Trainee: 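Structure incoming, see below.
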2 protein chains.
Amino acid sequence: MRIGQLARSVGVDTQTIRFYEREGLLPPPDRQDNGYRIYTERHVERLAFIRRCRILELSLAEIHELQRYQGAPHQPCRAINTLLDDHIAQVRSQITDLQVLEKQLVSLRASCNDDREIEACGVLDGLSEGSMQ
Amino acid sequence: MRIGQLARSVGVDTQTIRFYEREGLLPPPDRQDNGYRIYTERHVERLAFIRRCRILELSLAEIHELQRYQGAPHQPCRAINTLLDDHIAQVRSQITDLQVLEKQLVSLRASCNDDREIEACGVLDGLSEGSMQ
DNA sequence: TTAAAACCATATAGCCACTATAAGGTCAAT
DNA sequence: ATTGACCTTATAGTGGCTATATGGTTTTAA
């Protein structure tokens, strides 16, 4: 199949496919005489794997690492679990950071109501004063 | 004061200050005969304002908008409150997205324990199979 | 048969908010 | 005279794409 069909069947842009190839995440496929890339079922699976990882917000570097593990099927899989644990920890810390942020924003917002003049705006005042920390 | 002192007093890199100037967030200061930038107390306040906004993860575009409002002190401040409300909504949606993500990751992680071979790794399997959605 | 539409190719720039590097000028102290 | 700390500009890199420009190829419809 050609790049457009691969793109449609996995749900990505053709540009993204070429980008993954350049980044070494997708093996370079054979070419037709006219230079068009020809993909196989393996490429579909490989691309779908990448996409599933990306949905989970794994970085391209982490995906690369996972692909290396796939090449050594008889190694212990602890490193994979560790990679995932680290990623989960990262997501959790992002969540708590954002929750702190949300509280700060809500408290700032509470310092104003609509229908004031900008001069008297509690929000702008909160941002201008060093009272924020 | 020169750029280094401004940077130290607000806690940013000198590069960042020049970057804000290029982006139009910080007004271009006067220069000494040798070309060095000379800053005033106003610049300190202005830079600190930017930094407080950035801590709250407001974008440079949003900060720009806030600065425009500061120039019109007798306009109603509703637009400012709306800007903040939108930002809060955005942060909240990021949080819920990340919470969904965390659940998916934890459930994937639960499909494996350490001490398997990569071939049998539940995590890698979950990523390879289309069972994820 | 020809012309348009749809597809493919490469190369390059843009997004965001910086951060890093290179290459050099200025100034005070030793 | 030289070291070191400071300043200057210009340019490239980060991540993961996405957009644009420019041009070749194939398919489809008039």
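Quick caveat: nothing in here was measured; it's all calculated off a predicted structure. Chain letters run A, B, ... following the sequence lines, proteins first, then strands; residues in each count from 1.
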Trainee: Quick one: which residue pairs count as a ring-ring contact (aromatic ring centres under 6.0 Å, His included) with a foot in residues 20-43 of chain A, not counting sequence neighbours?
Mentor: A/Tyr39-A/His43

Trainee: When you check the phosphate oxygens OP1 and OP2 of C/dC8, does a side-chain N or O of A/Thr14 lie under 4.0 Å from one of them?
Mentor: no

Trainee: Any carboxylate oxygen within less than 4.0 angstrom of a Lys/Arg side-chain nitrogen, looking at B/Arg109 and B/Asp114?
Mentor: yes

Trainee: If I take atom CZ in residue A/Arg22 and atom P in nucleotide C/dT12, what distance separates them, rounded to the nearest angstrom?
Mentor: 11 Å

Trainee: Using whole Å, report how far CG of B/Asp30 lies from P of D/dC7.
Mentor: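 To the nearest whole Å, that distance equals 17 Å.
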
Trainee: By nearest atom, which of the nucleotides C/dG25, C/dC7, D/dA19 is closest to the A/Gln15 side chain?
Mentor: D/dA19

Trainee: Any side-chain N or O of B/Tyr20 below 4.0 angstrom from OP1/OP2 of C/dC18?
Mentor: yes

Trainee: Looking at C/dC27, I'd like to know if its phosphate oxygens (OP1 or OP2) sit under 4.0 Å from a side-chain N or O belonging to B/Asn34.
Mentor: yes

Trainee: Select from B/Leu60 and B/Gln32 the residue whose nearest nucleotide in DNA chain C is closer to the 5' end of that strand.
Mentor: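 Residue closer to the 5' terminus by nearest nucleotide: B/Leu60.
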
Trainee: Does a side-chain N or O from B/Ser59 land closer than 4.0 Å to OP1 or OP2 of C/dC16, or not?
Mentor: no

Trainee: Could B/Arg37 and B/Glu21 be called an ion pair, given the rule that one side-chain N must be under 4.0 Å from one carboxylate O?
Mentor: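 Yes, charged N to carboxylate O under 4.0 Å.
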
Trainee: For a quick check of understanding: with a heavy-atom distance under 4.0 Å over all strands, which category does A/Arg31 fall into, base, sugar-phosphate or nothing?
Mentor: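 Since only primed, P, OP1 and OP2 atoms lie under 4.0 Å of A/Arg31, the category is sugar-phosphate.
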
Trainee: Considering only side-chain heavy atoms of A/Arg2, which listed nucleotide, C/dA20, D/dC17, D/dT26, is closest?
Mentor: D/dT26

Trainee: Under 4.0 Å between any heavy atoms, over every strand shown, what does A/Arg37 touch: base, sugar-phosphate, or nothing? Just pick one.
Mentor: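 Sugar-phosphate contact only - A/Arg37 comes under 4.0 Å of backbone atoms but never of a base.
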
Trainee: What does B/Arg18 touch in the nucleic acid at a heavy-atom separation under 4.0 angstrom: a base, only the sugar-phosphate, or nothing?
Mentor: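 Result for B/Arg18 = base.
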
